[in-house]
There are 2 protein chains.
Amino acid sequence: MNIALLGCGTVGAAVAGLLVNEKNLILRRSNAQINLKYIFDINFDYARKKGLPESLFCNNFDIIISDKTVDTVIELVGGIDIAKTFIQKSLDSKKNVVTANKALMAQFGTELLSLARKNNTSLAFEASCGGGIPIIRALTEGLLANDIHALYGILNGTCNYILTSMTIEGKTYNQALKEARKKGYAEADPYLDVSGIDTAHKLAILAALAFGQKIDFNRIPISGINDLHELDVSYGQELGYVIKLLAIAKKQEKGLSLCTRPAFISKEHPLAWVSGPFNAVSVYGNTTGHTMYYGRGAGGRPTASAILADLYSIAINSYSKTFNSFLWPDLAPTSKQLPVEEIYTRYYMRITAKDAPGVLAKISACLGNKNISISSVLQKEPPPGTDPKFGVPVVITTHKAIEGNLRDALKEIDELDVVKDKSICIEIVEEDEEKII
Amino acid sequence: MNIALLGCGTVGAAVAGLLVNEKNLILRRSNAQINLKYIFDINFDYARKKGLPESLFCNNFDIIISDKTVDTVIELVGGIDIAKTFIQKSLDSKKNVVTANKALMAQFGTELLSLARKNNTSLAFEASCGGGIPIIRALTEGLLANDIHALYGILNGTCNYILTSMTIEGKTYNQALKEARKKGYAEADPYLDVSGIDTAHKLAILAALAFGQKIDFNRIPISGINDLHELDVSYGQELGYVIKLLAIAKKQEKGLSLCTRPAFISKEHPLAWVSGPFNAVSVYGNTTGHTMYYGRGAGGRPTASAILADLYSIAINSYSKTFNSFLWPDLAPTSKQLPVEEIYTRYYMRITAKDAPGVLAKISACLGNKNISISSVLQKEPPPGTDPKFGVPVVITTHKAIEGNLRDALKEIDELDVVKDKSICIEIVEEDEEKII
C-alpha cells in the first residue's frame, strides 16, 4: 500500500520516521506492506531537521491526488478549512483517509464519512481521540455487543496535568499552567485546551460511536478549567473527590446528556487516579459493565501509533469491513441531546455567606423550593488571609438534581442578603454506574 | 451467520441469552446478522432455568458438525480433552471457532491456530483473557505498530479480590478467601485461581501476541498467593507498594522473562488501583508508551461481551483479514524464555533475625558477595503477640539484581546462625518502564 502524508509537524514527522526508519515495526508483527511515497508540506525545515528523506518531499498536492498508486492519505494538517478540502479531494480521488483531526471530525465527521462511503473508500480516525489509546477500536469492535449508557473521558493532557498539580501540590491555576508550559505540556496559547473545547471535540466523536447517534457538537455545553479555584479543588478532596476536566456522556430517560466541564469524581473511581499528561476513557456497557482505557493522549509517537494502527487495518482490508458494517455517525439517527438544564446529576456548591444565625436556613429553603435535596453541609473557616467580613465558605453537596432547578436555586441564593459572592457549582459524577443486567 | 454454542454454563447461557433475547444489541449498532442455531450440552437444566428456547437444544455434536449451514462454533465446554476434540472437529469441518478456553489456548493454541489456518477458517479467543476487556484486539490491532517490551497483568479476579481485602482491610489470606467464597468471587475449590495457574494461562496467551513469539506454558515460573503472609502485605504498604498477583512479561537482553507471582507494585502505578474482582493489563510499547486496559475479568455477561465481539468480527469478515496477516503464535518464532534464575528485577526480603549486634553486617555480607545492592533496610518490631526470642523482622529492598544470585544469597542468609526462620522474597516491579524512543 502506497501512502502520502499531509503535514509534517510533530505527529507527521513521527509517522514518517516510523514508516521510513522503522519499517520492521509493522513487518515484524504482520505481513502488511506500507510504503510512504510522499511527505507533503509547504515548509520542510522540520522534516529535514528530523532527517526524513528529501526524495519523499512534495509541495504540490495535485501530484499526490493524481498519483493513482497512492491508496491512502494521512491528513495531519490540522485546522478546519484546508484539512477538509484535502480530505474531500482525497476521498473523491478514491483514496482512503486517515486523520488525527478531532476539530474536523467533531464538526464535519458525518459529512466526510458519508463522502468516503459514496466513493467506496474508508475514513479512519483512531488518532483523533486519546492519542495512542485504541479507544475507537474498542467502541466500534471490542464493545460492539453493549448498549453503552455512560462514557466519561479525561481527554486533554494539558488540563489533566494542570489539575493534577492543583490537586497534589495545592498550586493555583496560574501556577500550574506556568509549570505545564515550562514542561512542554501546555502550548503558548492554551485556549483550545483549557477552555474545554478540545475535550468537547473528542467527546462529540466518541459519543457518536458509543451511542450510535449523530452528535451536534455545537449543542454540547462546555466549561473549561480556567476559572477553577484552588479552594474548591481542596474542599473537594476533603469530601473524597478529585477534580478532573471530564467529557461526560450519559443516556438519560429523555435523551442524551453530554457536557465537558471540570467535575468531581470519587477517589475510588479509576479515573481519579489518572494523573499528569495521561488520558483515560471509562465506558459503561450493559454487557461488560465498566471498562477503562488508559494511555498517553498526545505527543508525536503515541499519536503515530494510532495512525499506524489505522493504516494497518486499511492495508489488510479489515477496516473496510468495519466501515461497511458498523453504525458510523453518517448512518446513525440524530440524537436527542438534552440542554444543560436537563442534566440530572449530583452537585457540589460553595456559597460565600455571612457568618450569622439563620443563614443555612435561608440557603436550604432556596434549595428545598426547587426540590433539591442536600446530601452534606460543611461550613469552613474563611480561607487564610481573608477577612471574615467577606463571608465564610459554606460547602453543600446535593443528591441527584435537575441542573435547571439547581441553577434557579443558585440564582435565588446569590440574591440573598446573607450571601456575599457569586456561588460556585461543580458537578459530582456518580460513583457506580455499572448496569450489567 | 449461523452459529452453534457448545456448553451452556454461566458464560454459555449469557451468550445464548444475548443472541436470543437481545438480538437488537448487535443489530442496533451494525448490520451483522448472527443467528444461534444450536445450544449443545449434555444437560439442559441450567439452560431451561435461564429460559432458553428448547428448540435450540441439541445433545448430538455430530448433528452440528454435519450441518453445513453452521459457520461458526463457540466452544465453552472448558477443560482440555473434550474441548480440544470439539474444536478440532469443528475446524476440520471448515467452521470458525470462538473460544474462551484459556487453559487450552495456553497449552495447545499453536496447534489449534495452525489447524484453523490449514482449514482456511479462523480461531478467535478474545474471551480467554481479561473477560470483557478487549485486550487481544488491542495487542493484535490497536498496538500493532509497537515493539512491546513489557506487559503486566492482573488477570484473576479471585486473587485480586483476596489481595485487595488483605491490603485494605488487613485480613489474613484465609479470612480473605473465606469472604471471597461468601461473595461468589471464589469457587469451592479455588486451586486454579490462587495457585497462579489461571493467571499463567492468560500470560502465555497474551505474551505470545505481544511479543510475536511462541510461548512454552510449561516453562513459565508460577507462584500463587496461598503462602502470602499479611505481614508482608502491610510492610510493603509502608514502603509504598501494593501487592498484586501479576502476570509479568519482559524483554530482557538475553530473552523473554515471564512469570506469574505475587509482586509489589508502586502505589503510583495504575495497576495498584485495580481493586476487587477487576482485571487490568498494562502494556509498554516503544511507540505509544504505557497503555492500560481495565474491566471485569470474569462473569457470564462480561465474558459473553468478548465472545460476541469475536462473532461480530467473524460475521463481517474482518477477523479473517487479521487472522491472515498478524503474526499469530503458530507463525511466530519460538521464544527464548529465560529460566527464573535469570529474571532481573528488584526484590523485597523479610528476614527473621536475632535482635543482636552484627546481624545486619552478616546479612549484607551475603548479599554483597552475590553482587546484590541494598536499596533500603527497615528493622521492624516483632509482630504483635510473638516472643522476640523468635527473632525480629528485617525488611530489605534491593536494587535490580539477578534472581539466581538473590536465591543463592538467601540460601546463605537462611543458614546464618542469627537467622531464625525461612526468609521471604517478593519481586518489586519497577515503576517506570516507558521507553518511547
Side-chain angles (χ1 to χ4, degrees), chain A residues 14 18 22 25-26 28-32 126 131-134 137-138 140-147 212 268 270 273-275 278 280 285-296 299 301-302 304-309 311-313 315-319 321-322 324-327 436-437, chain B residues 14 18 22 25-26 28-32 126 131-134 137-138 141-147 212 268 270 273-275 278 280 285-296 299 301-302 304-309 311-313 315-322 324-327 436-437:
Chain A
L18 287 167
E22 297 176 55
L25 201 62
I26 286 183
R28 216 179 28 82
R29 300 187 67 203
S30 78
N31 59 15
E126 179 71 82
I133 310 169
R137 269 172 181 68
T140 58
E141 299 173 35
L143 301 178
L144 188 93
N146 279 269
D147 183 0
E268 309 296 315
W273 316 321
V274 176
S275 65
F278 276 87
N286 71 332
T287 310
T288 194
H290 181 195
T291 54
M292 191 182 81
Y293 308 84
Y294 167 97
R296 292 194 173 268
R301 283 182 74 101
S305 174
I307 289 169
L308 265 63
L311 288 177
Y312 169 70
S313 298
I316 67 171
N317 203 21
S318 84
Y319 191 76
K321 306 295 178 186
T322 309
N324 290 315
S325 73
F326 183 75
L327 187 70
I436 312 184
I437 51 171
Chain B
L18 288 167
E22 297 175 55
L25 200 61
I26 286 182
R28 216 178 29 83
R29 300 187 68 204
S30 78
N31 58 16
E126 179 71 83
I133 309 170
R137 269 171 180 68
E141 299 173 35
L143 300 178
L144 187 92
N146 280 269
D147 183 1
E268 309 295 316
W273 316 322
V274 176
S275 64
F278 277 86
N286 71 332
T287 310
T288 194
H290 180 196
T291 55
M292 191 183 81
Y293 308 83
Y294 167 97
R296 292 195 172 268
R301 283 182 73 101
S305 173
I307 290 168
L308 265 62
L311 289 177
Y312 168 70
S313 298
I316 67 171
N317 202 23
S318 84
Y319 191 76
S320 64
K321 306 296 178 185
T322 308
N324 290 316
S325 74
F326 183 75
L327 186 71
I436 311 183
I437 51 169

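Throughout, a chain's letter reflects where its sequence line sits, starting with A, and its residues are numbered from 1. Predicted model only: the values in this text are computed from it and were never measured.
With a threshold of 4.5 angstrom between heavy atoms, R29(B) approaches chain A through its backbone and through its side chain. Looking at Y312(B), the atoms closer than 4.5 Å to chain A (heavy atoms on both sides) all sit in the side chain, from C-beta outward. Of the atoms belonging to L18(A), it is side-chain heavy atoms, and not backbone ones, that fall under 4.5 Å from chain B. When heavy atoms are compared at a cutoff of 4.5 Å, E141(B) approaches chain A by way of both its backbone and its side chain. The contact between L25(B) and chain A is made by backbone and side chain atoms together, counting heavy-atom distances below 4.5 Å.
With rounding to the nearest 0.5 angstrom, the CG atom of N324(B) is 8.0 Å from the CG atom of N31(A). The CD1 atom of I26(B) lies 12.5 Å from the CG atom of D147(A); values are rounded to the nearest 0.5 Å.
Paired with S305(A) under the rule side chain to side chain donor-acceptor pair (under 3.5 Å), one option of N286(B), T291(B), N146(B) passes, and it is N146(B).
Here the shortest heavy-atom pairing between G142(A) and P134(B) reads CA-CB, 3.8 Å.
Heavy-atom pairs under 4.5 Å with chain A peak, among L144(B), L143(B), L327(B), at L144(B). Top candidate by heavy-atom pairs under 4.5 Å with chain B, chosen from A309(A), S30(A), G295(A), is S30(A). Your options are A304(A), P270(A), A32(A), and the one with the most heavy-atom pairs under 4.5 Å with chain B is P270(A).
For Y294(B), the ring-ring contact (aromatic ring centres under 6.0 Å, His included) criterion is met by H290(A), F278(B), not counting sequence neighbours. Under the rule for a side chain to side chain contact (heavy atoms under 4.5 Å, CB included), the partners of S275(B) that lie at least two apart in sequence or sit in another chain are T164(B).
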| field | T287(B) vs L308(A), side-chain contact (heavy atoms from CB on, under 4.5 Å): CA-CA, chis, key distance, verdict | value | CA-CA 10 Å; T287(B) 310; L308(A) 265 63; over 6 Å; no
